[in-house]
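Letters A, B, ... mirror the listed sequences (proteins, then strands); counts begin at 1.
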Protein chains: 2
Amino acid sequence: MPFTLKQLRYFVATAETGSVTLAAQRVNISQPSVSAAIAELEARFGVDLFVRHHAQGLSLTPAGRELLTDAKSLLDHADDVRLGAMGLGQDLAGELHIGCFQTVAPLILPHLIGIFARQHSEISVKLHENHVQGVLDGLRAGEFEFALTYDLGLDDDIEFDTLTEVPLHCILAKDHPLARHKAVAIAELIQYPLVLLALPHSRDYFLSIIYGLGLQPRVAHETPNFEMVRGLVAHSDAFSIMHSRPLSEWSLDGKRLAFLPIKEKLRPTRLGLARLRKLRPTRRSLAFAALCHLHFQGK
Amino acid sequence: MPFTLKQLRYFVATAETGSVTLAAQRVNISQPSVSAAIAELEARFGVDLFVRHHAQGLSLTPAGRELLTDAKSLLDHADDVRLGAMGLGQDLAGELHIGCFQTVAPLILPHLIGIFARQHSEISVKLHENHVQGVLDGLRAGEFEFALTYDLGLDDDIEFDTLTEVPLHCILAKDHPLARHKAVAIAELIQYPLVLLALPHSRDYFLSIIYGLGLQPRVAHETPNFEMVRGLVAHSDAFSIMHSRPLSEWSLDGKRLAFLPIKEKLRPTRLGLARLRKLRPTRRSLAFAALCHLHFQGK
DNA sequence: TTGGAATGATAAAAAGATTTTCCTGTTCCG
DNA sequence: CGGAACAGGAAAATCTTTTTATCATTCCAA
């Protein structure tokens with residue numbers, strides 16, 4: 001770098017006061033420092049910036065005048081960057097990148113983001129949807145600051161802040177033989193084929209629950225598409241299990257669905273906010289986290 | 001200043017290489033320096049800029065990504081300023097501020113500037129016209145780099161580069177009794193009233209020439225307006241003396257004028273380029289000076 | 001499973017800048 | 001002519017930056 005911002009600052013102060021001494025006072029520094037800074041700029045650029053009037057200040061040369069304009073604009077720019085950077089962690093403005101487990105996202109986030117947008121109109125929320133493992137990878141890759149997801153596959157480097165516990169549900173077609181019960185056991189469901197939501201991690205998690213009960217599922221289909229699962233179930237006697245419970249009881253192609261709680265006592269799955277333990281949270285993300293807590297507290 | 005351009009450069013290099021070590025190589029510096037620069041930026045801004053993946057590089061946080069954009073733009077800006085400043089003395093581009101004695105300006109400069117503009121289309125010439133003293137003041141005040149003027153009132157701090165010698169002329173109305181001579185002596189003219197070009201310095205200079213010949217002028221009028229002098233002479237039997245010899249033999253209001261050389265041997269007045277001795281000339285001004293010499297050499 | 005290679009962080013020493021103090025020379029002004 | 005104001009220079013002091021050396025962590029291959 002042929003010059004520093006500091007030198008530019010001293011130069012501008014000198015140009016504007018027309019005196020090295022006054023400039024030094026203005027930037028709270030000794031006079032020779034300013035003198036040296038200017039001398040170095042002149043040497044670096046190979047131009048005289050000032051005409052010195054011995055014992056009565058100095059005035060800009062044409063070259064100095066040109067540099068003055070540029071220097072000021074650069075200093076202003078630097079200040080913008082500084083303000084922007086200071087605000088990165090502090091201000092309730094800018095961008096907030098949030099990761100979210102994809103099946104949860106459309107059920108919860110539109111509402112939360114709506115409220116958040118009204119409270120903090122300066123913050124623009126950017127969403128990153130992915131499966132459970134992808135969300136954790138995204139956190140580690142710094143794609144977003146925190147993520148709304150289940151407490152699945154967490155490692156020590158992830159801090160998990162529980163918002164609510166979600167019970168496991170099964171999905172059945174509305175006209176399924178078991179659909180009119182209040183709740184149903186996986187042991188009963190196991191006689192029907194299973195449609196598996198085949199997302200990384202989730203897939204194995206669902207299977208592990210079933211195996212854990214000593215049962216052997218008959219997997220009719222598996223698909224990573226959430227709506228596909230619902231559709232397949234709606235049109236057959238198959239069942240599926242998942243945590244996310246959409247309010248809509250209709251599949252995308254218009255068939256009715258039933259959602260029943262599972263009878264078996266299982267380790268409760270938690271929905272919450274995951275973040276990298278070693279990264280300090282920004283004020284923006286804390287604000288959103290607070291909103292999440294408020295939202296789930298009321299339930 | 002909360003940060004330096006250097007720190008920003010290291011930060012950008014790190015962000016772009018995804019590695020402190022690679023960044024250090026790219027900017028030709030040791031790895032701990034880069035590490036320290038980033039740490040300081042993070043401390044100053046109060047935000048984590050990177051997620052460190054121990055032993056396998058780092059990746060940007062959302063905050064880091066935001067800063068990256070700003071940092072790059074600031075560095076680009078700084079580079080523009082640097083290039084601009086380097087060019088201040090070197091490039092044949094930008095602005096060239098020229099001072100000029102006002103009575104000389106319209107006689108010579110339009111032609112010279114025309115040629116110069118064609119040779120150096122990147123340079124825009126800015127003219128500062130003034131009287132002899134004003135031109136010297138302007139030089140000292142740094143308003144322009146050099147000036148086209150007469151060798152009058154020069155001090156030691158001014159370097160004068162002679163272009164040509166100009167003889168003293170007298171101006172008379174075309175129908176003046178003395179107007180049909182080839183040349184005329186001030187001793188003859190002195191019987192007629194004098195119209196004095198009353199510019200600072202010039203005025204006293206003209207008077208000193210006359211007094212120096214032991215003559216006493218009758219000053220009919222004095223005016224700082226060059227065309228006014230010509231007009232007053234054109235409409236009377238008065239005379240005036242000056243160095244600048246316009247090619248036009250007409251006053252602004254359409255009367256004919258005669259220009260005659262002065263017979264007396266006087267110290268020749270020189271037209272040339274004046275500049276502050278202590279200021280180093282830019283390449284731009286040297287180019288213009290060269291053109292001036294070329295122009296007057298041919299005469 | 002283990003040892004080596006790669007990587008970032010840290011500490012201490014070295015090198016380099018910046019800053020300050022003190023001083024000089026110039027110019028202006030009463 | 002003497003004092004005040006000002007820029008610039010020199011040397012010492014102080015701060016920063018850089019480097020060297022080392023450590024801890026992780027990955028990868030044997």
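Phosphate proximity of dT17(D) to Ser33(B): absent, as no side-chain N or O sits under 4.0 Å from OP1 or OP2. The shortest distance between the side-chain N/O atoms of Arg52(A) and the OP1/OP2 oxygens of dC6(D) is not below 4.0 Å. Between Lys6(A) and dT19(C) there is a side-chain N or O to OP1 or OP2 distance below 4.0 Å. Note on Thr21(B): a side-chain N or O is less than 4.0 Å away from OP1 or OP2 of dG8(C). In this structure, Ser19(A) reaches the dA7(D) phosphate: one of its side-chain N or O atoms is under 4.0 Å from OP1 or OP2.
Checking dA7(D), dT18(C), dA9(C) against the side-chain heavy atoms of Gln31(A) singles out dA7(D) as nearest. Looking at the side chain of Pro32(B), the nearest of the listed nucleotides dG9(D), dA7(D), dA21(D) is dA21(D).
Here Phe50(A) lies out of heavy-atom contact (under 4.0 Å) with every strand.
One interatomic measurement links the two molecules: CZ of Phe3(A) to P of dT18(C), which rounds to 14 Å at whole-angstrom precision. Atom CD of Glu40(B) is separated from atom P of dT18(D) by 11 Å (rounded to the nearest Å). In this structure, CG of Asp156(A) is placed 11 Å from P of dT26(D), rounded to the nearest angstrom.
Here Arg140(B) pairs with Asp155(B) in a salt bridge; the nearest charged N to carboxylate O distance falls below 4.0 Å. Residues Arg277(A) and Asp157(A) are not paired through a salt bridge, judged by the lack of any N-O separation under 4.0 Å between the basic side chain and the carboxylate. A salt bridge links Arg26(B) and Glu16(B); the closest N-O separation between the charged side-chain nitrogens and carboxylate oxygens is under 4.0 Å.
In this pair, His128(B) and His97(B) present their aromatic rings tilted. The plane angle is within the 30 to 60° band.
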